[in-house]
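This report refers to the structure that appears directly beneath it.
Basis for what follows: all heavy atoms, side chains included, without hydrogens, waters or symmetry-related copies. Naming: A, B, ... by sequence-line order, numbering from 1 per chain.
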Number of protein chains: 2
Amino acid sequence: MSFPTPGKPVRGSKSGNHLMALFDLLGRSWAMGIIWRLNEGPCTFRALQERCESISPSTLNKRLKELTTAALIQRTVEGYGLTDKGEEIFQLLHPLETWARTWAKEFNP
Amino acid sequence: MSFPTPGKPVRGSKSGNHLMALFDLLGRSWAMGIIWRLNEGPCTFRALQERCESISPSTLNKRLKELTTAALIQRTVEGYGLTDKGEEIFQLLHPLETWARTWAKEFNP
DNA sequence: AAAGTTGCTATCTTTTTTGTAGCATTGCTA
DNA sequence: TAGCAATGCTACAAAAAAGATAGCAACTTT
């Protein structure tokens, strides 16, 4: 298994540019969705699966491991949850929601 | 071929939630990388391929079509370039770079 | 002790992505 | 104007990732 790590070759940068490593991490299926849903609060594996509506356990498990390795997610007694770093990323992704709302109107005006 | 479209089922939302549609679009391999590289200025298909360091023409072509359909990218006499909407997304992604720099230090302190 | 919940793993199928070759078109340039 | 380079792809096969589904081991609750 390979986890995108800054400093090692990643998609978009053979030298492991930090931003490309992040894009590689966040650009995998469900990664951003998981972060988004976890911001509602920590929860169990199965509950998270339901929040995501249709993610398979294998994919969820893989993403959780990657995001945990990347220190965006941690496991506590409450289940899986965002770390401080994870919440920071959430905050950075947050503005996308407003943008997406406007964007959506152009498809369904 | 399927393009993630708000209002239609996408990864993370059967009802096509706009944000999940955007995550589906941006969360495909190279999507964010392409937007990032295009911000350097419009360029030809082959030049873009080189900027990306290692993307295959088939993937690049597919992403370009998706991003064009999504109105983030357009084609002009200068080649492929960001639309106004595309630049907006770039601006929203921009803060990730600073964050990623700090994050990288924790992997290679 | 039986039943339910949880966090997965195993297995198989389908979809994506990759790698590589190469073709058709355009624009030089000799 | 015949050749050559550059461009924007497409074709095709192989590898990797994601998805669907079943089910098991551990732990709790009843």
Side-chain angles (χ1 to χ4, degrees), chain A residues 1-5 8-14 20-21 23-38 41-70 73-81, chain B residues 1-5 8-14 16 20-21 23-38 40-70 73-81:
Chain A
M1 257 172 240
S2 74
F3 304 104
T5 310
K8 298 187 178 174
V10 293
R11 203 148 46 186
S13 169
K14 290 165 186 164
M20 291 302 144
F23 281 170
D24 194 354
L25 180 74
L26 295 181
R28 298 182 176 197
S29 71
W30 291 102
M32 292 187 285
I34 289 171
I35 291 169
W36 194 265
R37 304 291 193 177
L38 274 185
C43 68
T44 66
F45 187 96
R46 296 226 174 185
L48 183 52
Q49 213 182 335
E50 277 163 33
R51 281 188 195 173
C52 287
E53 291 193 25
S54 66
I55 189 172
S56 73
S58 22
T59 304
L60 177 56
N61 190 238
K62 198 168 180 232
R63 276 310 87 79
L64 285 175
K65 281 182 181 160
E66 289 166 4
L67 294 170
T68 302
T69 302
I73 278 182
Q74 65 190 342
R75 221 178 149 177
T76 68
V77 285
E78 301 184 285
Y80 289 99
Chain B
M1 258 172 236
S2 74
F3 305 102
T5 309
K8 297 186 178 175
V10 293
R11 204 149 46 188
S13 169
K14 289 164 187 165
M20 291 303 144
F23 281 170
D24 193 354
L25 179 74
L26 295 181
R28 296 180 177 198
S29 72
W30 291 102
M32 291 186 286
I34 288 170
I35 291 169
W36 195 264
R37 305 292 194 177
L38 274 186
E40 296 165 22
C43 69
T44 66
F45 186 96
R46 295 226 175 184
L48 183 52
Q49 212 181 336
E50 277 164 31
R51 282 188 195 171
C52 286
E53 289 194 30
S54 66
I55 189 172
S56 73
S58 21
T59 304
L60 177 55
N61 190 237
K62 196 166 181 233
R63 275 311 86 81
L64 285 174
K65 280 181 180 160
E66 289 165 6
L67 294 170
T68 301
T69 302
I73 279 183
Q74 64 190 343
R75 221 178 148 178
T76 66
V77 286
E78 300 185 287
Y80 290 99

Fill in: Whole-Å distance separating the CZ atom of B/R46 from the C1' atom of C/dA21
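From B/R46 CZ to C/dA21 C1': 11 Å.
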
Fill in: Interatomic distance, B/E53 CD vs C/dT17 P [rounded to whole Å]
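B/E53 atom CD is separated from C/dT17 atom P by 19 Å.
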
Worksheet item: Which residue, B/I55 or A/Q49, contacts DNA chain C at a nucleotide closer to its 5' end, judged by nearest heavy atom?
Response: A/Q49

At under 4.0 Å, does any side-chain N or O of [X] touch on OP1 or OP2 of [N]?
X     : N      : value
B/K62 : D/dG8  : no
A/R28 : C/dT17 : no
B/N61 : D/dG8  : no
A/R11 : D/dA17 : no
A/R63 : D/dA17 : no
B/W30 : C/dT18 : yes

Would you check if [X] and [Y] make a side-chain contact, meaning some heavy-atom pair closer than 4.5 Å?
X     : Y     : answer
A/R28 : A/P4  : yes
B/L67 : B/L25 : yes
A/I34 : A/I73 : yes

Item to complete: Using a heavy-atom cut-off of under 4.0 Å over every strand shown, decide if B/S56 touches base, sugar-phosphate, or nothing.
Response: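 Base contact.
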
Discussion item. Base, sugar-phosphate or nothing for A/T44? Non-hydrogen atoms, less than 4.0 Å.
Written reply: sugar-phosphate

Item to complete: State the CG-CH2 distance between A/L48 and A/W30, to the nearest 0.5 angstrom.
Response: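 Going from the CG atom of A/L48 to the CH2 atom of A/W30 covers 9.5 Å.
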
Worksheet item: Is there a donor on the side chain of A/S58 or the base of D/dA20 sitting less than 3.5 Å from an acceptor on the other?
Response: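 A donor-acceptor contact between them is present.
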
Give every pair of a protein N or O atom and an N or O atom of nucleotides 25-28 of chain C that lie under 3.5 Å apart, one pair per line with the distance.
none

Worksheet item: At their closest point, which heavy atom of B/L60 faces which heavy atom of B/F45, and how far apart are they?
Response: CD2-O, 3.7 Å

Response to the item:
Sequence neighbours excluded, the answer for side chain to side chain contact (heavy atoms under 4.5 Å, CB included) partners of A/S29 is A/T59, A/R63, B/R11

Worksheet, complete the sentence: Of B/L64 and A/S54, the one whose closest nucleotide on DNA chain D sits nearer the 5' end is B/L64

Item to complete: Could you give me the CA-CA distance, side-chain angles and deciding distance for B/K14 and A/S54, then say whether side chain to side chain contact (heavy atoms under 4.5 Å, CB included) is met?
Response: CA-CA 8 Å; B/K14 289 164 187 165; A/S54 66; 4.2 Å; yes

